[in-house]
Amino acid sequence: MARRRQIYEGKAKILYEGPEPGTLIQYFKDDATAFNAQKKGTINGKGVLNNRISEHVFTMLGNIGVPTHFIRRLNMREQLIRQVEIVPIEVVVRNVVAGSLAKRLGIEEGTQLPRTIIEYYYKDDALGDPMVTDEHIACFGWASQEEMHDIADMAIRVNDFLTGLFAGINIRLVDFKLEFGRIWENDFSRVILADEISPDGCRLWDMTTNEKLDKDRFRRDLGGEVEAYQEVARRLGLLPAEGTETAVLDMESHRKKRGQ
Ligand code: UDP
């Protein structure tokens, strides 16, 4: 018997119908994919950590006035969110050269950019999420020019805030991906921040050692994925001090055994 209706299953998350109209439940899986899902794996405990990290980041962004879909965390793997109509654009913000930018333009990873770059990718797995410009977005009606203006504004605010937040815990915010969604109020719509912000969609490097504390550990077979995510959570003050890092996951398996 289905406990509730599944609305959508993505690579790392599942969306269920929420308790009230206009809400959804976002469930964080341990599944990890890379290179347009050609590489697949599991990072045990990742979902628990990303749920917590994303809750923290979205709450703080909400506090500085960035509208988000986040309502509240429900349990270790789930959060209640506002239902949005996802804008089919991945917004990538870059402060330092890495990943596809390094490859495409032949620039060394780690090169500091003289100014922040915003890139847009059309969300289409079959096409491998091609990079697009404002022109394509307007031409094909994926978002209006007004919406794109608001999206770029919010992306810069998120970047300014997160750069400082991570710098304060000795982490360099190299780049990250954001998604936005439309909400309707009467006949008007506005865009708000949606999806998640976690080491799955950010490049986070230790400022002293340049150690990667993000999904590149999985993409590049570096190992220590969960430890890296835990380190981010710990530095954000979301996990107890070192040595107790397995506590969260132990607690989860304990609760599962008790059928909670
Ligand atoms: N990113 C993401 N999902 C995607 C593509 C990129 O979350 O489908 C994030 C990625 O984690 C990185 C940033 O966006 O923080 C820039 O990624 P890039 O374009 O360098 O692509 P990648 O090297 O990940 O293929």
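Atoms within each ligand, like the ligands themselves, are counted from 1 in listed order.
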Trainee: Check whether F28 forms a cation-pi arrangement with R77 (NZ or CZ under 6.0 Å from the six-membered ring centre, at most 45° off the ring normal).
Mentor: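 No, cation not above the ring by the 6.0 Å, 45° rule.
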
Trainee: With atoms numbered from 1 as shown, which atoms in ligand 1 lie under 4.0 angstrom from a non-hydrogen atom of Y121?
Mentor: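 So the atoms of ligand 1 that pass are 19 (O).
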
Trainee: Got the closest protein heavy atom to atom 25 (O) of ligand 1, with its distance?
Mentor: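 Scanning the protein heavy atoms, the shortest distance from atom 25 (O) of ligand 1 goes to S100 CB, 4.7 Å.
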
Trainee: Let's go through R219 and D216 carefully: what are the C-alpha distance in whole Å and the side-chain angles of both, what is the deciding distance for salt bridge (charged side-chain N to carboxylate O under 4.0 Å, His left out) to 0.1 Å, and is it a yes or a no?
Mentor: CA-CA 5 Å; R219 291 192 191 96; D216 269 350; 2.6 Å; yes

Trainee: Taking K215 for the side chain and G201 for the main chain, is one N or O donor matched with an acceptor at less than 3.5 Å?
Mentor: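 Checking the backbone N and O of G201 against the side chain of K215, no donor-acceptor pair under 3.5 Å is found.
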
Trainee: Shortest non-hydrogen contact from V226 to N44?
Mentor: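 Heavy atoms only, the tightest pair is CG2-O, 3.1 Å.
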
Trainee: Check each of E179, K177, R203, R94 against atom 22 (P) of ligand 1 and report the one with the nearest heavy atom.
Mentor: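 Heavy atom nearest to atom 22 (P) of ligand 1 belongs to R203.
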
Trainee: Check ligand 1 against D200 and write out every atom of the ligand that is under 4.0 Å from a heavy-atom position of the residue.
Mentor: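 By the 4.0 Å cutoff, the relevant atoms are 7 (O), 11 (O).
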
Trainee: Check ligand 1 against V92 and write out every atom of the ligand that is under 4.0 Å from a heavy-atom position of the residue.
Mentor: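 Those of ligand 1 that fall under 4.0 Å from V92 are 14 (O), 16 (C).
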
Trainee: Quick check on contacts: which atoms of ligand 1 are under 4.0 angstrom from a heavy atom of C202?
Mentor: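 Checking each atom against C202, I get 11 (O), 15 (O).
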
Trainee: Protein non-hydrogen atoms only, distance under 4.0 Å: does atom 8 (O) of ligand 1 have such a neighbour?
Mentor: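 Within 4.0 Å of atom 8 (O) of ligand 1, protein heavy atoms are found.
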
Trainee: Between the main-chain N or O of D124 and the side-chain N or O of D129, is there a donor-acceptor pair closer than 3.5 Å?
Mentor: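 Flag set: sc D129 to bb D124 pair under 3.5 Å.
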
Trainee: Short check: is a protein heavy atom less than 4.0 Å from atom 2 (C) of ligand 1?
Mentor: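 Yes; the ligand atom in question has protein heavy-atom contact below 4.0 Å.
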
Trainee: For atom 12 (C) of ligand 1, what's the nearest protein heavy-atom neighbour? Residue, atom name and distance, please.
Mentor: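 Among all protein heavy atoms, the one nearest atom 12 (C) of ligand 1 is D175 OD1, 3.1 Å.
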
Trainee: Side chain, backbone, both or neither: which part of A34 comes within less than 4.0 Å of ligand 1 when only heavy atoms are counted?
Mentor: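 Near ligand 1, A34 shows nothing, with every heavy atom at 4.0 Å or more.
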
Trainee: To the nearest 0.1 Å, how far is atom 5 (C) of ligand 1 from its closest protein heavy atom, and which atom is that?
Mentor: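 Sorting protein heavy atoms by distance from atom 5 (C) of ligand 1 puts E90 OE1, 3.9 Å first.
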
Trainee: Please say yes or no: joined through hydrophobic side-chain contacts below 4.5 Å, possibly via intermediate residues, are I137 and Y121 part of one cluster?
Mentor: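 Not linked; separate clusters.
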
Trainee: Select the closest option to atom 11 (O) of ligand 1 among R104, M131, R219, R220, judged by heavy-atom distance.
Mentor: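 Going through R104, M131, R219, R220 one by one, R219 has the nearest heavy atom to atom 11 (O) of ligand 1.
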
Trainee: List the atom pairs, donor and acceptor, that lie under 3.5 Å between side-chain atoms in residues 81-91 and the rest of the protein, sequence neighbours left out.
Mentor:
| unit_1 | atom_1 | unit_2 | atom_2 | d |
| --- | --- | --- | --- | --- |
| E85 | OE1 | W184 | NE1 | 3.1 |
| E85 | OE2 | R182 | NH1 | 2.9 |

Trainee: Counting from 1, what ligand 1 atoms have a heavy atom of G99 closer than 4.0 Å?
Mentor: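 Near G99, meaning under 4.0 Å from one of its heavy atoms, ligand 1 has 20 (O), 23 (O).
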
Trainee: Hey, are E109 and R220 close enough for a salt bridge, meaning a charged N less than 4.0 Å from a carboxylate O?
Mentor: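 Yes, charged N to carboxylate O under 4.0 Å.
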
Trainee: Using the six-membered ring wherever Trp is involved, compare the ring planes of F58 and F70 and label them parallel, tilted or perpendicular (cut-offs 30° and 60°).
Mentor: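 The rings of F58 and F70 sit tilted, inter-plane angle from 30° to 60°.
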
